[in-house]
Amino acid sequence: MSSKFAAPKGVSEYLPPRSVIFDYICRGLRIPALAAGYELIELPIFEDTELFTRGVGTSTDVVSKEMYTFEDRAGRSLTLRPEGTASVIRAVIEHGLDRGALPVKLFYQGPFFRAERPQAGRYRQFYQFGIEAIGSDDPYLDAEVISIAYHGYRKLGLKDFELQITSLGDSESRFTHRRDLDSLISRLDLDEETSQRAQKNPLRLFDDKREEIRIAMSSAPLLLDYLSKESRENFDQVKAALDSLQIPYRVNPKMVRGLDYYTGTTFEFVHKGLGAQSAIGGGGRYDGLMEVLGGSKLSGIGFGLGIDRILLALEAEAKSGQSLPGELRYVDLYVIGLGDKARSKCFTLVDSLRKEGFVVEQNFGNRAIKGAMKAADKSGARFTIVLGDRELQSESVGLKEMSTGAVTSVRLDALAKVLAEKSSGLKKI
RNA sequence: GUGGGCGUAGCUCAGCUGGUAGAGCACCCGGUUGUGGUCCGGGAUGUCGCGGGUUCAAUCCCCGUCGCUCACCCCA
């Protein structure tokens with residue numbers, strides 16, 4: 001019970017059979033990205049701390065209190081990556097990827113780290129799948145990026161989620177809006193902590209869950225009403241493009257994104273079955289980020305999808321009737337050898353069957369057949385092959401179809417052919 | 001950082017107003033000398049999170065502590 005070691009607080013671990021679903025999610029999400037010509041980028045897990053303080057912004061909670069920062073032996077300050085976009089942009093600039101065809105289209109996946117208090121769907125080590133498209137401000141690109149996330153979720157079989165979108169407009173739009181919003185907030189009677197938060201980013205108050213704040217904010221000016229003509233037209237084009245793909249969305253002018261680099265189109269996917277941390281993914285456009293990080297003045301857009309939360313969402317939907325997608329485990333054949341000679345024969349037989357592409361497990365430990373059959377049953381194998389002294393004599397095997405229990409004797413030299421005949425239903429890998 | 005809930009078998013949990021522990025599932029063995037699932041019989045496993053206090057006696061009450069969990073803040 002009280003084992004000496006436990007995983008560090010708040011990290012997500014995935015063991016079988018859940019790990020199979022985790023893998024299924026990772027593979028599923030990248031399909032729409034690959035279909036749109038995005039390419040994999042593998043990034044470091046830690047980066048120069050300054051990349052995040054400058055890229056994500058010191059006013060964000062992520063940077064100000066949630067980073068795992070440490071010094072290496074040469075005294076450099078490094079930080080476990082709390083998000084992916086800054087790293088992608090850094091790599092694009094460092095390697096001059098933006099000097100080729102634009103937009104640069106990349107996807108990534110892996111662990112991220114934030115030193116927060118863990119709760120349902122929020123971990124200190126969590127996993128994201130993300131894409132970034134850099135070097136175009138075409139509203140169709142906004143819609144494409146959103147559609148890739150949307151189709152990813154659908155590919156996995158997710159249903160009970162909502163896409164929310166809004167636009168943060170250009171800097172003039174935000175400037176005039178903020179002036180009006182600040183003047184409203186300054187008239188509110190806020191506690192110290194809240195007013196400090198409001199100073200950093202007044203939009204955050206739209207997200208506050210306290211009743212009195214929500215009432216006070218209900219009359220607050222909405223950024224969406226302050227968009228310049230150009231920004232508004234751009235947002236309308238994004239919406240029209242989504243409409244043309246029949247991707248449902250809800251415009252949520254009070255949506256708040258946590259990272260300060262967002263401009264223009266921003267969006268979030270929210271799942272109903274999740275509890276307090278309901279966002280299963282989100283993203284948006286970032287006009288100034290490339291420049292802030294020392295690159296050229298290119299606009300980009302991307303998203304990050306929370307794999308941990310998608311897994312929770314799939315489980316939540318499974319609970320309410322849907323079955324979990326995909327086969328959790330698949331085995332074609334289970335091979336049992338009885339006795340030393342037969343086991344030696346089986347060991348090579350298993351190897352050759354795998355080379356033919358079958359998923360094959362074998363029995364270990366020279367168990368009695370009863371226990372071995374039990375293990376075969378548990379493996380989920382569709383067929384079990386039994387080979388003992390009798391079969392060795394006749395150069396055959398016993399082939400048992402597990403669903404019916406029928407056993408047939410098959411000559412060894414005909415085994416591959418017989419299995420091939422039966423394998424119309426077998427899933428070779 | 002703040003607040004609530006919970007720590008009993010590998011897992012999920014029960015344990016009435018204090019008398020040193022149980023169920024289901026899983027696991028192992030047998031009923032079936034070479035054939036799984038169902039059924040029947042048998043079996044192993046716990047420092048009752050840790051430390052202290054009250055008491056003749058604490059899994060149960062009190063205090064502390066650690067851990068988990070949910071929520072706030074914030075976010076994927």
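Naming convention: chains lettered A, B, ... in sequence-line order (proteins, then strands); numbering from 1 in each chain.
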Can you check the [X] [atom1] to [N] [atom2] distance for me, whole Å?
X       : N       : atom1 : atom2 : answer
E13(A)  : rC68(B) : CD    : C1'   : 14 Å
N363(A) : rU35(B) : CG    : C1'   : 12 Å
L333(A) : rG36(B) : CG    : P     : 19 Å
R117(A) : rU69(B) : CZ    : P     : 11 Å
D308(A) : rC75(B) : CG    : P     : 17 Å
E83(A)  : rC75(B) : CD    : C1'   : 12 Å
L312(A) : rC75(B) : CG    : P     : 19 Å
R367(A) : rG34(B) : CZ    : C1'   : 15 Å

Checking all strands, does [X] fall into the base, sugar-phosphate, or nothing category for heavy-atom contacts under 4.0 angstrom?
X       : answer
A279(A) : sugar-phosphate
G388(A) : base
Y123(A) : base
G405(A) : base
E66(A)  : sugar-phosphate
G130(A) : nothing
Q125(A) : nothing
L338(A) : base

> Between the side chains of D137(A) and S299(A), does any donor sit under 3.5 Å from an acceptor?
Replying inline: no
> Is it the case that Q164(A) and E162(A) place a side-chain donor and acceptor less than 3.5 Å from each other?
Replying inline: yes
In whole Å, measure the gap between the [atom1] atoms of [N] and [M] for me.
N       : M       : atom1 : value
rG19(B) : rC60(B) : C1'   : 11 Å
rG4(B)  : rC62(B) : P     : 15 Å
rA44(B) : rG18(B) : P     : 32 Å
rC25(B) : rC61(B) : C1'   : 33 Å
rA14(B) : rG53(B) : P     : 30 Å
rC48(B) : rC6(B)  : C1'   : 14 Å
rG42(B) : rG24(B) : P     : 12 Å
rG49(B) : rC68(B) : P     : 16 Å

Once you apply the 3.5 Å cut-off to both distances, tell me the Watson-Crick or G-U wobble partner of [N], or none.
N       : result
rA14(B) : none
rU47(B) : none
rU35(B) : none
rA76(B) : none
rU55(B) : none
rA71(B) : rU2(B)

>> With nearest nucleotide decided by heavy atoms, which residue, R122(A) or T384(A), maps closer to the 5′ end of RNA chain B?
In response: T384(A)
Ignoring backbone atoms, test whether [X] places a side-chain nitrogen or oxygen under 4.0 Å from the OP1 or OP2 oxygen of [N].
X       : N       : value
K370(A) : rG37(B) : no
R204(A) : rC75(B) : yes
K9(A)   : rC68(B) : yes

>> Is it the case that atom CG in D340(A) sees more than 12 heavy atoms from other parts of the structure closer than 6.0 Å?
In response: no
Given [options], identify the nucleotide with an atom nearest to the side chain of [X].
X       : options                   : result
K378(A) : rC75(B), rG34(B), rC28(B) : rC28(B)
A120(A) : rC73(B), rG36(B), rA71(B) : rA71(B)
K374(A) : rG34(B), rG36(B), rA76(B) : rG36(B)
K400(A) : rG36(B), rA76(B), rA71(B) : rG36(B)
R390(A) : rG34(B), rC27(B), rG1(B)  : rG34(B)
Q119(A) : rC74(B), rC27(B), rA71(B) : rA71(B)

Below 4.0 angstrom, N of the basic side chain to O of the carboxylate: do [X] and [Y] qualify?
X       : Y       : answer
R114(A) : E83(A)  : no
E116(A) : R122(A) : yes
K341(A) : D389(A) : no

>> For the base of rA76(B) and the side-chain ring of F112(A), does the geometry meet a stacking cutoff of under 5.5 Å between centres and under 30° between planes?
In response: no
>> Determine whether a donor-acceptor pair (one donor, one acceptor, N or O, separation below 3.5 Å) exists between the side chain of E391(A) and the base of rG34(B).
In response: yes
> With a 3.5 Å cut-off and just heavy-atom distances, do the side chain of Q277(A) and the base of rA71(B) make a donor-acceptor pair?
Replying inline: no
>> Tell me whether the NZ or CZ atom of K105(A) lies within the 45° cone about the ring axis of Y38(A) and under 6.0 Å from its centre.
In response: yes
>> I want to know whether Y334(A) and F383(A) have ring centres closer than 6.0 Å.
In response: no
> What are the two closest heavy atoms between L97(A) and A91(A), and how far apart are they?
Replying inline: CG-O, 4.4 Å
